[in-house]
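Everything on this sheet refers to the single structure shown next.
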Amino acid sequence: MTPSAPGAPKPKQLRVLFATPECAPLIKTGGLADVSAALPAALIAAGVDCRILLPGYRQVLAQSPDCREIARFAPMADFPAARLLNGKTTTGVPLYLIDCPEMYDRPAGPYQDENGTDWPDNALRFGLLSRIAALLGSSASPLDWRPHVLHCNEWQTGLAPAYLRYAEAAGAATLLTVHNLGFQGIFEPGLVAALGLPADCFTPEGVEYYGKLSFLKAGLQLADAITTVSPSYAGEIQNEALGFGLHGLLSARRQRLHGILNGIDTGVWNPATDPLIARRYSAETLDAKQANKRALQQRLGLSTTTKLPLFAVVSRLTEQKGLDWLLQIAPHLVALPAQLALLGGGDGELERGFVTLAQRHPKSVSATIGFDESLAHLIEAGADAFLMPSRFEPCGMNQMYSQRYGTPPIVRATGGLADTVIDCTPDALADGSASGFVFHEPGAQALLAAIERAAGAWRDSATWHALQRNGMKRDFSWDASARRYGEIYTALTAERA
Ligand code: ADP
Ligand code: GLC
């Protein structure tokens with residue numbers, strides 16, 4: 001920020017309410033939680049008064065014993081009564097939690113039950129998040145603190161711009177960040193009344209989408225600005241192939257659409273200070289990385305050899321991630337020879353496929369099904385190379401964590417993967433930019449070719465060390481991106497004024 005001259009009027013501090021369905025470490029299913037923890041903190045460091053709004057899921061309230069009630073909301077439409085609690089995240093960012101036991105006091109995940117089935121009342125659960133976000137952003141808010149900008153994230157907050165447009169008093173400017181267009185929040189039209197929205201919002205200019213109610217479409221249509229999490233993905237979603245049916249709308253609103261690359265939390269993901277790994281290291285002490293490989297092999301029951309490259313995956317197991325291709329070529333990977341460590345959960349068929357593979361090759365392949373933050377850190381530190389063969393990837397966080405941990409990523413050239421990994425070509429090696437392996441064609445064969453290329457490079461220690469060091473010195477911090485968000489907030493606030 002530009003310092004102001006003595007005596008000049010102080011610039012008004014921007015106030016931003018960051019509404020999100022996940023925030024690490026309180027509740028996490030993927031990269032959205034990492035972004036929701038790190039971006040608000042980076043915004044605060046850049047001088048923005050940013051506060052987070054999050055549902056008070058059971059596990060979140062259990063970790064937030066010091067929260068205090070600051071407002072009550074009466075029942076409305078099909079929403080039960082709710083309370084607003086005030087607290088702080090582990091990094092000190094002000095946090096508002098919605099306490100509504102009927103909606104959020106449940107076991108298992110934020111979106112699904114223990115069998116992986118969506119909670120049947122998700123429209124109401126995230127309608128409530130959207131509605132309270134809009135209310136806090138409006139002149140009818142029960143709080144004195146009023147945001148200039150309501151920053152929404154994903155479909156779960158997509159109805160907030162609709163509430164501000166149709167149901168609440170006017171208020172904050174709105175920005176919606178799309179982290180993954182594959183999740184849209186589509187429900188039966190009959191829910192419009194249950195959500196307390198007027199019938200006249202159910203039009204193509206409002207919340208209607210091919211005869212259904214779509215939270216994401218509503219947000220994309222009605223937010224003052226849209227961002228997504230990498231420049232490449234911002235382009236890709238305007239085309240049919242990756243537009244998930246919304247490319248027409250996104251292309252029509254392209255003047256309002258910005259691609260801003262996610263950063264990473266360089267405090268949480270730092271091999272020199274990480275408390276979750278076996279031995280800390282930096283680009284200057286890369287030999288110490290070996291102790292992490294050994295610890296990882298031991299923990300997973302793999303043979304503790306230094307002679308084979310160890311490839312790794314930490315991922316949601318869904319079609320998006322292209323891991324079915326990995327399963328197809330896994331016998332070739334083992335025969336290279338090489339080792340494979342996978343941590344993930346999701347699709348039952350993929351889970352079974354990797355577990356069976358590991359049973360067949362117990363010393364070379366390990367599959368851990370479930371969510372395990374500390375194992376994810378040890379994998380980043382202990383693996384030689386990291387696999388992300390995604391069909392599409394809005395940004396991706398692990399390829400950035402991997403580069404920081406000296407674990408070159410092998411990625412498909414899509415979305416944020418294309419924007420953050422530089423392929424190991426002779427030219428890129430010569431100019432010191434090569435940081436991983438990038439392949440283009442979707443499919444198992446192109447993935448295998450990239451893995452073979454990586455295995456070859458791993459055997460040439462000069463090349464491998466150069467790749468590791470190039471990746472480790474890159475700046476993936478939030479600084480530049482937080483500034484970019486700040487510029488958009490400022491422009492939206494000026495427009496609103
Ligand atoms: P996405 O958000 O699409 O799942 P990202 O690459 O943006 O993909 O972020 C995934 C985040 O979730 C990373 O921090 C990754 O380490 C973490 N993660 C995914 N699956 C697991 C798991 N099974 N255990 C621990 N962490 C996981
Ligand atoms: C989504 C995307 C992922 C992105 C993350 C955080 O879950 O699938 O690519 O990194 O959101 O923005």
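Ligands are counted one by one from 1 in listed order, and the atoms in each one are counted from 1 as well. The first residue in the sequence is number 1, and the count goes up from there.
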Return the residue, atom name and 0.1 Å-rounded distance of the protein heavy atom closest to atom 2 (C) of ligand 2.
H179 O, 3.2 Å

Ligand 1: which protein N/O atoms lie under 3.5 Å from its N/O atoms?
unit_1, atom_1, unit_2, atom_2, d
ligand 1, 2 (O), G31, N, 2.7
ligand 1, 3 (O), R316, NH2, 2.7
ligand 1, 3 (O), K321, NZ, 2.8
ligand 1, 4 (O), R316, NE, 2.7
ligand 1, 6 (O), M397, N, 2.9
ligand 1, 7 (O), M397, N, 3.4
ligand 1, 8 (O), K321, NZ, 3.2
ligand 1, 9 (O), G31, N, 3.1
ligand 1, 14 (O), K28, NZ, 2.9
ligand 1, 14 (O), D34, OD2, 2.8
ligand 1, 16 (O), N398, OD1, 3.3
ligand 1, 16 (O), N398, ND2, 3.3
ligand 1, 23 (N), G370, O, 2.7
ligand 1, 24 (N), D372, N, 3.0

With a heavy-atom distance limit of 4.0 Å, tell me whether D34 approaches ligand 2 through its side chain, its backbone, both, or neither.
neither

Cut-off 3.5 Å, side chains only: do S303 and Q339 have a donor facing an acceptor?
yes

Test of proximity, G31 against ligand 2: N or O pairs below 3.5 Å
no

For atom 6 (C) of ligand 2, which of the options V229, N262, L417 provides the nearest non-hydrogen atom?
N262

L53: which of T157, L150, L95, L136 passes side-chain contact (heavy atoms from CB on, under 4.5 Å):
L136

Relative to atom 3 (C) of ligand 2, which among M397, E393, E154 owns the nearest non-hydrogen atom?
E393

Would you please name every residue forming a side-chain hydrogen bond (donor to acceptor under 3.5 Å, both in side chains) with T304, sequence neighbours left out?
none

Who pairs with N180 by side-chain hydrogen bond (donor to acceptor under 3.5 Å, both in side chains), at least two apart in sequence or on another chain?
Q320

Restricting to side-chain hydrogen bond (donor to acceptor under 3.5 Å, both in side chains), what partner residues turn up for E351, sequence neighbours left out?
none

Which residue supplies the protein heavy atom nearest to atom 4 (C) of ligand 2, what is that atom called, and how far is it?
G396 N, 3.6 Å

Taking NZ, NE, NH1 and NH2 as the nitrogens, is one of them in D372 or R299 under 4.0 Å from a carboxylate oxygen of the other?
yes

Answer yes or no: is there a side-chain heavy-atom contact under 4.5 Å between R125 and Y104?
yes

Would you say the side-chain atoms of Y281 and N292 include a donor-acceptor pair closer than 3.5 Å?
no

I98 vs L54 side-chain heavy atoms within contact, under 4.5 Å
no

